[in-house]
Amino acid sequence: MTTKLANIANTCAPDLAKAIIDWEDWLRFEKNMSKHTLRAYGHDMEYFINFMCSYHGEAPAIKDVADAKIYEFRAWMSKKTMEGTAASSRARALSGVKNFLRWSDRQGLFHNAAIKCVTTPKLPRKLPRPLYKKQTFCLLASFDEHENWIMSRNKALFTLLYAAGLRINEALSLNMSDMPDNGFLRVMGKGSKERMVPVLEIVEQRLAHYLNACPFPKERQSPLFLGLRGKRLNQGIAQKAIRDLRKEIGLPETATPHALRHSFATHLLENGANLREIQELLGHASLSTTQRYTDIDSKKLMEVYKKAHPREQQTAAPTMDTQAEQ
């Protein structure tokens, strides 16, 4: 399969081209990176290679990357800034190039210490944008009026995303052999990290209803969620299904498949689940990622404070002296 990284390798000197292709193989087969990450890294490396080509006036070789100075890397990042590239995209580009240089160092190809001095762009704290409970239930109930196997599939998929907090690509990567067993679902998350997620009975019911209506054969290694032609459902089709639905029932533009995952975490937190439990369910590597869900409004925070703080409880309860005065 031809990829962006394989294509841009054709614009480099042979030694750098081989290094890029070998790095891509490592990302794909050793690190098992998703196609989305590979696509993003391919775009970022293409930009970097084109910059180096323009900077040196010829197709760059390993020596050019190995000898690149801090001001060259800064010029590359500055160019992206001047073109209006968002801080998050610049940070991702820097991360991809650093990844390639670290891999090259470990392979004994070359070493470049200058890249370590390039500061990652400061990212604004991006908060999750969950749906309210009423909006979530409205979304999941809206399929009841449309009874065909496609709508049954969408209902099962979006119920699974909300009830189990899955990423959309995690759900679409499931096969028939991954069907819930004894109330649990085995999920392969980012970085090939496997986790067990509890599944509600309603999820199993909706999956069973969808599979019963689905006209295609159900073999163990067949994709669980299928498209119109019986192939694995494309993520873009699932996203379009929610886009169409949110217009129909008046939900905000923030109503996306990923918003269902945010809603799962936020609603659990509101109902008393602790961060460690939510971190485990979401498959977050770092607790700091999960802590974004604690950014609740001041009114809710004050309510929690008044209910939990012993001094506040003592103030609310009448004391012996107060009772005597009464």
Side-chain angles (χ1 to χ4, degrees), residues 1-127 167 169 190-193 258 284-286 288-289 292:
M1 180 176 67
T2 304
T3 66
K4 195 79 167 179
L5 289 173
N7 289 336
I8 65 172
N10 296 327
T11 65
C12 309
D15 58 350
L16 184 56
K18 183 179 185 309
I20 290 175
I21 293 172
D22 290 346
W23 175 58
E24 181 193 21
D25 288 342
W26 178 76
L27 291 175
R28 184 189 303 277
F29 302 114
E30 294 293 326
K31 300 299 289 182
N32 196 28
M33 283 194 170
S34 71
K35 60 182 180 181
H36 308 293
T37 304
L38 284 172
R39 187 186 304 120
Y41 275 12
H43 176 79
D44 295 331
M45 281 297 292
E46 179 185 37
Y47 188 100
F48 177 70
I49 293 299
N50 287 338
F51 171 82
M52 292 293 288
C53 185
S54 174
Y55 193 89
H56 291 279
E58 59 183 2
I62 278 183
K63 184 178 185 303
D64 298 312
V65 180
D67 295 341
K69 304 294 188 290
I70 178 101
Y71 55 80
E72 293 180 59
F73 290 119
R74 285 177 175 165
W76 160 57
M77 293 298 286
S78 295
K79 186 172 186 294
K80 293 183 74 68
T81 303
M82 292 174 67
E83 291 173 352
T85 306
S88 57
S89 297
R90 299 199 310 273
R92 186 201 63 207
L94 181 60
S95 174
V97 173
K98 281 184 174 180
N99 188 300
F100 172 64
L101 295 185
R102 283 196 304 270
W103 175 86
S104 299
D105 193 7
R106 287 195 298 268
Q107 297 300 310
L109 298 177
F110 65 88
H111 173 75
N112 186 312
I115 191 71
K116 295 180 181 178
C117 301
V118 183
T119 306
T120 301
K122 188 173 182 180
L123 302 178
R125 183 176 175 82
K126 191 175 181 181
L127 297 177
R167 301 176 178 93
N169 62 302
K190 282 186 176 180
S192 300
K193 292 180 181 176
H258 203 63
H284 284 160
S286 170
S288 62
T289 307
R292 296 178 304 161

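Just so you know, these numbers come straight off a predicted model, no measurement behind them.
Side-chain N or O atoms of Lys122 include none that pairs as donor or acceptor with a backbone N or O of Thr120 at under 3.5 Å. Panel note: side chain Ser95, backbone Ala91; no donor-acceptor pair is recorded below 3.5 Å.
The CD1 atom of Ile20 sits 14.5 Å away from the OH atom of Tyr41 when rounded to the nearest 0.5 Å. To the nearest 0.5 Å, the span separating CD on Glu24 from CG on Asp22 amounts to 10.0 Å. With rounding to the nearest 0.5 Å, the separation of CZ in Phe73 from CZ in Phe51 is 9.5 Å. Distance CG/Leu101 to CZ/Arg106: 11.0 Å, rounded to 0.5 Å. Interatomic distance, Asp44 CG to Asn99 CG, rounded to the nearest 0.5 Å: 11.0 Å. Rounding to the nearest 0.5 Å gives a distance of 7.5 Å between OG1 of Thr11 and CD of Glu46.
In this structure, the salt bridge (Lys or Arg N to Asp or Glu O under 4.0 Å) partners of Arg167, at least two apart in sequence or on a different chain, are Glu170. Every residue was checked against the salt bridge (Lys or Arg N to Asp or Glu O under 4.0 Å) condition with Asp105, not counting sequence neighbours, and none meets it.
Ala66 approaches Asn112 most closely through the heavy-atom pair O-ND2, 3.1 Å. Nearest heavy atom pair, residue Ala59 against residue Ala13, reads CB-N, 4.1 Å. Taking every heavy atom of both residues into account, Gly96 and Trp23 meet most closely at O-CZ2, 3.6 Å. Nearest heavy atoms, Met33 versus Thr37: SD-CG2, 3.6 Å. Residues Ala114 and Ala68 approach most closely at CB-O, 3.7 Å, considering heavy atoms. The two residues Thr119 and Leu94 make their nearest non-hydrogen contact at O-CD2, 3.9 Å.
Relative to the ring axis of Tyr47, Lys80 places its NZ or CZ within 45° and under 6.0 Å from the centre.
The side-chain heavy atoms of Leu16 and Asp64, taken from C-beta on, include no pair separated by under 4.5 Å. For the pair Pro121/Met77, a side-chain contact is recorded, criterion being any heavy-atom separation below 4.5 Å from C-beta on.
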Give the intermediate values and the outcome of side-chain contact (heavy atoms from CB on, under 4.5 Å) for residues Trp76 and Val118. CA-CA 11 Å; Trp76 160 57; Val118 183; 5.9 Å; no
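A 6.0 Å sphere centred on NZ of Lys98 holds more than 12 heavy atoms belonging to other residues, nucleotides or ligands.
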